[in-house]
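Indexing begins at 1, ligand by ligand and atom by atom, following the structure's order. The first residue in the sequence is number 1, and the count goes up from there. Keep in mind that the numbers below use all heavy atoms, side chains included, and drop hydrogens, waters and symmetry copies.
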Amino acid sequence: MKNITLDTSKAAQFLKAGAVEAYEPQVKAAQEALENGTCPGNDFLGWLHLPSSISADFIKQLQDCANVLRENCEVVVVAGIGGSYLGARAVIEALSNSFAWLVNDKKNPTILFAGNNIGEDYLSELTAYLKDKKFGVINISKSGTTTETALAFRLLKKQCEDQRGKDEAKDVIVAVTDAKKGAARTCADKEGYKSFIIPDNVGGRFSVLTPVGLLPIAVAGFDVKQLVAGAVDMEKACGKDVAFDENPAAIYAATRQALYTQAGKKIEIVCNFQPKLHYFAEWWKQLYGESEGKDQKGIFPAACDFTTDLHSMGQWIQQGERSIFETVISVETPNEKLLFPHDDENLDGLNFLEGKRVDEVNKMAELGTRLAHVDGGVPNILVNVPELNAYYLGQLIYFFEKACGISGLLEEVNPFNQPGVEAYKKNMFALLNKPGYEAESKAIQERLANEK
Ligand code: PA5
């Protein structure tokens, strides 16, 4: 089996010779700190050897639970936000038919997502869609108290019970949450739901290889064993004893930090030429944004879907402020084969492409874009993925996680906390007069009155 590979040659040309290699001692120190648990955030290192710790028995338990949902539900709604949402969606969308909701083959339940926004229209429309459906719910929340998820779950639980009866609903509602704490745990225990535990030492954005991601992915009908196998192989390929220049996580982390600190590249755009990878980039954005954006530091993580966004963002990327670099996730071989047909009249002038695969054109667009952007002053990192399947997604997930841990430590922040995400919650609860927020409510009302 091949591995994903990294090509940083088109980034190195923007750096002084040896700039990436100079990071070797710091990367080694970061790797050791991760292994020895001596880095900041060391109570959240459960992801580091998570892949190789997943047993066949555990996967069977997950698969058994997934089978119950698959057999008893036309639709499964996955409720969760942030790290309790994006990993599952990233993998499911990457592996699904692009038109899955239109061509439901009845072999797999339709997977929908909720609890990741507070849009009244979204939730009303979801409720209306589910009205005549046999649906189940996976309620995912580590804290068990996240407002967006809890709100959606309250609506979904009631609707599921109303439509299926409390007894039947109990069998198709599953909780993925903390072992002891939080409202989601209390509710699961009281109602007798099947539940899975999110380990204390795995933070949300690093949790896709726990039941947070694995359960919804298995319910969607994808091969979680292969996903984990890919992650296990990448855990080895990015291990602390692998030589610096052979360790893709080390090279990626060092290259992006060199671009940030020495070449003034403050924004990283992850790009794909496969629309199915859109949510993978969303997952990546959270992983790097929450891990590195703190202490007034951090590369801003952005994402583009190409060639789509070449017709919108392409201008900025080619000629805007030169503060960006690109990381292209390139899929070597598509899963399908489609050839351009002959047209006698050739009115569109495209007969020069006759008999070529669509992917050949896409690949030339990809290479042409990389060369143009490099010519325009945008360093380029290439992550080559042999195929878009569960095994290589597992590799990609672990590669980006390991590189993120190293990169955050190179940046000298705690990559495993996210204190900044609390600020909006405090204001929202104060504005909603949540019990316990009386002082904050008074302060925010005074502030708003003064700002009038
Ligand atoms: O990475 C994180 O920690 C966050 O994105 C959380 O996953 C997100 O806020 C959801 O939290 P919870 O799982 O507690 O509902």
Side-chain angles (χ1 to χ4, degrees), residues 40-48 50 77-91 113-118 123 137-157 173-188 193 195-217 279-294 298 301 303 397-398 400-405 407-408 413-429 434:
N42 55 5
D43 40 353
F44 285 100
L45 295 176
W47 57 273
L48 189 62
L50 179 66
V77 186
V78 180
I81 193 167
S84 291
Y85 155 60
L86 285 165
R89 187 156 196 180
V91 173
F113 296 90
N116 55 68
N117 64 63
I118 322 178
L123 288 167
V137 186
I138 308 177
N139 185 31
I140 309 178
S141 177
K142 186 170 185 201
S143 63
T145 55
T146 300
T147 309
E148 289 87 340
T149 307
L151 274 172
F153 183 65
R154 177 184 276 224
L155 291 165
L156 292 165
K157 174 179 186 287
I173 298 179
V174 180
V176 182
T177 188
D178 187 83
K180 298 194 186 93
K181 297 186 303 280
R185 168 54 57 199
T186 312
C187 173
Y193 300 150
S195 68
F196 289 92
I197 292 168
I198 308 175
D200 275 347
N201 62 355
V202 181
R205 60 191 174 276
F206 288 85
S207 69
V208 54
L209 298 172
T210 73
V212 167
L214 297 181
L215 182 63
I217 293 165
Y279 272 94
F280 193 85
E282 293 301 304
W283 169 82
W284 171 88
K285 267 160 59 179
Q286 186 201 358
L287 181 65
Y288 280 75
E290 267 191 354
S291 299
E292 294 189 330
K294 51 197 70 159
I397 286 168
Y398 190 85
F400 279 121
E401 287 183 352
K402 184 69 186 277
C404 184
S407 181
V413 295
N414 174 353
F416 309 115
N417 67 1
Q418 55 285 330
V421 299
E422 296 309 313
Y424 97 93
K425 294 183 196 170
K426 194 179 92 192
N427 287 345
M428 178 177 74
F429 293 145
K434 184 175 176 175

*Asks:* Side chains of K157 and N139: donor-acceptor distance under 3.5 Å anywhere?
*Replies:*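 N139 and K157 do not have a side-chain donor-acceptor pair below 3.5 Å.
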*Asks:* Ignoring hydrogens, what is the shortest heavy-atom contact between Y279 and L86? Give both atom names and the distance.
*Replies:* CD2-CD2, 4.2 Å
*Asks:* Tell me: protein heavy atom nearest atom 6 (C) of ligand 1, and distance?
*Replies:* G83 N, 3.9 Å
*Asks:* What heavy-atom pair brings K180 and R185 nearest, and what distance separates the two atoms?
*Replies:*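 K180 and R185 have their closest heavy atoms at O-CG, 3.3 Å.
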*Asks:* Which atoms of ligand 1 have any heavy atom of K142 under 4.0 Å away?
*Replies:* 12 (P), 13 (O), 14 (O), 15 (O)
*Asks:* Classify the ring geometry of W283 against F400: parallel below 30°, tilted from 30° to 60°, perpendicular beyond 60°.
*Replies:* perpendicular
*Asks:* Can you report which non-hydrogen protein atom sits closest to atom 11 (O) of ligand 1, along with the distance?
*Replies:* T146 OG1, 3.5 Å
*Asks:* I'd like to know if I81 contacts ligand 1, where contact means a heavy-atom distance under 4.0 Å to any ligand atom.
*Replies:* yes
*Asks:* I need the atoms of ligand 1 closer than 4.0 Å to a non-hydrogen atom of S143, numbered in the order shown.
*Replies:*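 Per the distance check, 12 (P), 14 (O), 15 (O).
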*Asks:* Tell me the closest heavy-atom pair linking A88 and V208, and the distance in Å.
*Replies:* N-CG2, 4.3 Å
*Asks:* With heavy-atom distances below 4.0 Å as the criterion, list the atoms of ligand 1 near S84.
*Replies:*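 Heavy-atom distances to S84 below 4.0 Å select 7 (O), 12 (P), 13 (O).
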*Asks:* Specify the closest pair of heavy atoms between S195 and A188, including all atoms of both residues, with the distance to one decimal.
*Replies:*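 That would be CB-CB, 4.4 Å.
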*Asks:* Could you identify the single nearest non-hydrogen protein atom to atom 2 (C) of ligand 1 and state the distance to 0.1 Å?
*Replies:*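 Checked against all protein heavy atoms, atom 2 (C) of ligand 1 sits closest to E290 OE1, 3.3 Å.
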*Asks:* Please identify which atoms of ligand 1 are closer than 4.0 Å to at least one heavy atom of Q286.
*Replies:* 1 (O), 2 (C), 4 (C), 5 (O)
*Asks:* Out of all atoms in ligand 1, which are within 4.0 Å of some heavy atom of G82? Include the element for each.
*Replies:*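 Listed by number with element, the hits are 5 (O).
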*Asks:* Counting both backbone and side chain atoms, is some N or O of T149 under 3.5 Å from an N or O of ligand 1?
*Replies:*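 No, T149 has no N/O under 3.5 Å of an N/O on ligand 1.
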*Asks:* Please name the pair of heavy atoms, one in V202 and one in S207, separated by the smallest distance, quoted to 0.1 Å.
*Replies:*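 Shortest heavy-atom contact: CG1-CA, 3.7 Å.
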